[in-house]
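A short write-up of the structure that comes next.
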Number of protein chains: 2
Amino acid sequence: MRILVQKFGGSSVADLECMKKVRAKVLSALGEGYKVIVVLSARYGQTNKLLEMAYQWSDEPDPAELDVLLTTGEQESVALFAMLLRDAGVNARSVLGHQLPVRTDDTYGCARILSIDDEYLRRGLERYDVLVMAGFQGCTEDKRLTTLGRGGSDTSAVAVAAALGDVECHIYTDVNGVYTTDPRLCPEARKVDRISYDEMLEMASMGAKVLQIRSVEFAKKYKVPVRVRSTFSDDPGTLVTQEDEMMEAVLVSGIAYDRDQVRVTLCGIPDQIGTSAAIFGPLAEGGILVDMIVQKASREGITDMTFTVSRKDLKRALAIVDKVRPAIGCREVEHDLNVAKVSVIGVGMRNHSGVAARAFAALARAGVNILMISTSEIKISCLIEEKLVDLAVNTLHEEFDLQLSHTK
Amino acid sequence: MRILVQKFGGSSVADLECMKKVRAKVLSALGEGYKVIVVLSARYGQTNKLLEMAYQWSDEPDPAELDVLLTTGEQESVALFAMLLRDAGVNARSVLGHQLPVRTDDTYGCARILSIDDEYLRRGLERYDVLVMAGFQGCTEDKRLTTLGRGGSDTSAVAVAAALGDVECHIYTDVNGVYTTDPRLCPEARKVDRISYDEMLEMASMGAKVLQIRSVEFAKKYKVPVRVRSTFSDDPGTLVTQEDEMMEAVLVSGIAYDRDQVRVTLCGIPDQIGTSAAIFGPLAEGGILVDMIVQKASREGITDMTFTVSRKDLKRALAIVDKVRPAIGCREVEHDLNVAKVSVIGVGMRNHSGVAARAFAALARAGVNILMISTSEIKISCLIEEKLVDLAVNTLHEEFDLQLSHTK
């Protein structure tokens with residue numbers, strides 16, 4: 001039995017017309033001899049509608065009950081889509097998270113999958129040609145419903161593929177696959193045929209919102225090959241898979257950017273042991289993800305500490321910093337919203353030097369001033385002025401010849 | 001631990017304001033020292049909205065998938081209501097049919113409860129003060145979701161009370177209880193304090209839509225005392241319970257009526273053995289519930305056969321009759337929509353004669369012509385012209401002194 005997992009997001013199942021397009025994709029997979037597990041999200045707008053209702057009912061809705069409410073969204077999609085398949089004579093049924101069950105921890109609203117019982121699915125696939133599975137949802141040991149957080153349906157799909165083993169997983173979206181950079185910014189952007197899990201993780205976390213990060217982590221952990229492709233074309237898309245030699249031969253695979261950055265600077269801090277811990281400890285406890293960190297070289301025992309956070313966390317970050325300010329003797333706190341991050345990503349960097357130098361030189365030639373730098377094994381990120389993002393992305397894209405296909 | 005089951009219908013939980021009224025009822029029960037199981041229906045209009053959507057998606061939605069869709073209605077209510085209770089500091093959580101589970105057969109859309117596991121509820125009641133349970137829903141052995149049919153939440157509530165044993169069950173509605181007849185037709189109508197299961201069954205089946213018939217059958221089978229009362233008052237309502245001597249002392253407890261009747265007459269049939277079977281066999285197989293049946297005294301070997309059916313079944317009934325017509329030699333088929341049924345109901349009839357005669361005489365004095373008659377142990381029904389329903393109901397109500405309270 002060849003099994004294919006197909007996942008479709010909220011905009012792909014928004015209404016009856018959209019669902020008919022999705023049905024065509026499923027029928028085509030059936031035609032190729034697959035048994036299909038279709039993982040669906042809630043219809044576009046439905047989750048927001050339910051959230052709005054919850055906040056009318058309560059200023060602070062109980063997280064467990066919120067999950068009971070939100071899971072109705074996917075339940076609705078799968079019921080409607082299963083009806084549509086059955087109308088076309090397909091032997092299909094819907095499957096809900098608690099039926100397998102998809103067992104999760106009890107972090108309501110953002111639960112982690114602990115295990116998936118594949119027995120119910122396997123029995124289902126013996127009797128049915130298509131199982132229409134509700135994404136985004138699971139349940140605890142005590143049978144309470146949970147959700148996996150925004151975009152969690154990607155994770156559901158990958159997790160189901162992992163549970164069944166040796167199964168292809170296609171994630172359908174509204175683009176043809178993963179691009180070397182954002183085509184809206186750079187007309188030269190090119191779809192890549194293959195990308196490694198690690199590169200995809202860097203791309204995803206940088207706001208190239210094709211796949212939910214956790215689903216990629218899950219795919220990497222269980223070695224599930226994931227194909228990202230479009231609901232609206234027949235393009236084979238991009239295969240997200242294990243790193244191989246071909247990928248390593250390519251120096252850089254993509255340029256990502258992230259406008260959701262604020263730079264916070266603590267000015268005039270006496271340079272003492274424990275200052276960093278005094279600042280970043282409380283921020284971490286406050287659940288604030290700090291991205292880049294730079295400490296200015298100390299002059300006469302006084303230094304500046306600069307870091308970036310997501311814009312939504314700014315207010316809370318400033319409040320926390322304000323509390324620790326007296327203890328560390330910080331003179332002043334500044335922040336700057338007009339910044340953005342551009343990143344050069346590629347597993348090839350592991351074995352090639354000089355990528356960072358080339359990137360910095362190219363940006364300098366283009367007149368882009370670098371405000372902060374951070375690097376990882378497969379990524380170089382530069383904080384720049386936000387208005388220069390377009391220029392920087394195009395400059396780097398050209399510098400590393402990304403308009404040309406390397407994987408033939 | 002004193003446990004109270006409170007059931008609220010769709011109009012009681014229609015919106016936030018309504019739910020706050022329901023919350024007050026629950027808080028009041030908590031104040032009296034009860035642990036409470038609140039059984040809720042879908043919010044008013046929600047089930048119809050979901051049905052409409054299903055019929056946009058499919059002309060004939062798959063019944064199993066329709067149930068997956070419909071159960072989201074109650075899931076939504078219980079999540080929202082549990083949020084509201086928790087906001088008021090009540091230690092509450094929602095409970096869904098499949099969590100217990102409420103085990104049913106697989107007659108989707110109208111499933112029958114096979115068993116309720118009380119273990120999950122008992123454990124829940126140890127940890128929580130209120131369990132907000134989704135009515136109307138259950139699941140099959142294979143974990144597929146089912147619904148109990150319109151008004152099934154009443155049955156859910158009674159079934160939960162039966163499973164826990166020795167538990168009071170209050171069904172909240174928009175009237176103060178069960179009345180001797182419809183107050184809209186008869187201003188003299190009086191609320192009764194107690195009524196037997198059998199009387200309630202007759203009242204309910206006659207369109208006095210206070211309780212779903214199946215919930216009364218369930219209550220009777222498991223001897224669950226059910227109190228019907230209003231969400232909008234503190235009236236103790238009507239207790240539906242086992243027959244006792246006090247009830248038998250009362251000759252008649254209520255007058256019911258049913259406008260959903262059509263009279264079908266097969267004229268000029270040769271009076272032969274097997275004719276009745278030839279007519280009513282196929283009707284039963286067609287799922288048509290025939291109510292009253294009268295065969296005219298045969299004259300010269302020719303007779304008429306008259307019966308009544310629900311208006312929604314008329315078309316199908318006529319089609320079936322048309323098929324059997326040649327075989328039984330029926331000359332002509334007539335039908336009459338301008339009819340209605342009035343019934344006199346009371347367990348007291350079991351031990352008292354003359355009730356039927358009094359009823360016929362009273363109707364005759366009022367000028368109401370009786371078209372057909374059917375009787376049971378505790379009921380006398382007369383088919384009359386529809387336009388005379390008001391007159392007939394008021395006449396019978398007065399004849400049996402129902403405006404006066406018998407149970408002091």
Side-chain angles (χ1 to χ4, degrees), chain A residues 15-17 19-20 23 42-43 46 49-50 53-88 90-96 98-101 120 123-124 127 132 134 139-140 142-145, chain B residues 15-16 19-20 23 42-43 46 49-50 53-88 90-101 120 123-124 127 132 134 139-140 142-145:
Chain A
D15 55 31
L16 181 56
E17 289 318 305
M19 279 203 190
K20 283 183 177 166
R23 180 169 67 178
R43 301 191 303 129
Q46 186 67 10
K49 220 174 83 185
L50 292 168
M53 186 154 64
Y55 282 94
Q56 274 168 26
W57 252 250
S58 167
D59 291 335
E60 208 171 332
D62 181 73
E65 300 303 340
L66 192 55
D67 277 2
V68 175
L69 185 67
L70 290 182
T71 47
T72 62
E74 283 72 28
Q75 190 166 329
E76 185 188 285
S77 315
V78 296
L80 291 171
F81 189 66
M83 286 175 193
L84 211 59
L85 282 174
R86 294 190 68 88
D87 257 19
V90 177
N91 184 19
R93 64 159 283 199
S94 66
V95 176
L96 302 169
H98 59 80
Q99 287 173 332
L100 305 190
Y120 197 84
R123 261 196 296 132
R127 225 178 117 187
V132 184
C139 70
T140 69
D142 191 35
K143 297 192 194 177
R144 298 198 71 171
L145 303 188
Chain B
D15 55 31
L16 181 55
M19 279 204 190
K20 283 183 178 166
R23 180 170 67 178
R43 301 190 302 130
Q46 186 66 10
K49 221 174 82 186
L50 292 168
M53 186 153 64
Y55 281 93
Q56 275 168 26
W57 253 250
S58 167
D59 291 336
E60 209 172 332
D62 180 74
E65 300 303 341
L66 192 56
D67 278 0
V68 175
L69 185 67
L70 291 182
T71 47
T72 64
E74 284 72 28
Q75 191 166 326
E76 184 187 287
S77 316
V78 296
L80 290 172
F81 189 66
M83 284 177 196
L84 211 59
L85 282 174
R86 294 190 69 88
D87 257 18
V90 177
N91 185 19
R93 64 159 283 195
S94 66
V95 176
L96 302 168
H98 59 81
Q99 288 174 332
L100 306 190
Y120 196 84
R123 260 194 299 131
R127 224 178 117 188
V132 184
C139 69
T140 69
D142 191 34
K143 298 192 194 176
R144 298 199 70 170
L145 302 188

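Here is how names work: the chains are called A, B, and so on, in the same order as the sequence lines, proteins then strands, and each is numbered from 1.
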Could you check A:Leu69 against B:Gln75 for side chain to side chain contact (heavy atoms under 4.5 Å, CB included), going step by step and ending with a plain yes or no? CA-CA 7 Å; A:Leu69 185 67; B:Gln75 191 166 326; over 6 Å; no
Which of the residues [options] is involved in the greatest number of heavy-atom pairs with chain B at under 4.5 angstrom?
options                             : value
A:Arg93, A:Lys20, A:Gln99, A:Glu76  : A:Arg93
A:Pro61, A:Ser77, A:Ala82, A:Ser94  : A:Ser94
A:Glu60, A:Arg123, A:Met83, A:Gln56 : A:Met83

Query raised in the report: Quick one: of B:Leu84, B:Val95, B:Val132, who has the most non-hydrogen atom pairs under 4.5 Å with chain A?
Result: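 Maximum pair count with chain A is reached by B:Leu84.
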- Option in B:Asp67, B:Leu145, B:Leu50, B:Asp59 with maximal non-hydrogen atom pairs under 4.5 Å from chain A: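 It is B:Leu145.
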Pick one of side chain, backbone, both or neither for [X], based on which atoms fall under 4.5 Å of a heavy atom in chain A.
X        : value
B:Asp142 : both
B:Leu70  : neither
B:Ala54  : both
B:Leu85  : neither

Kindly give the heavy-atom pair with the smallest separation between [X] and [Y], and that separation in Å.
X        : Y        : result
A:Asp62  : B:Arg86  : OD1-NE, 2.8 Å
B:Pro101 : A:Lys143 : CD-NZ, 4.3 Å
B:Trp57  : A:Asp87  : O-OD2, 4.0 Å

task = Please round to the nearest 0.5 Å and tell me the distance separating atom CE of A:Met53 and atom CG of B:Asp15.
result =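 With rounding to 0.5 Å, CE (A:Met53) is 11.5 Å from CG (B:Asp15).
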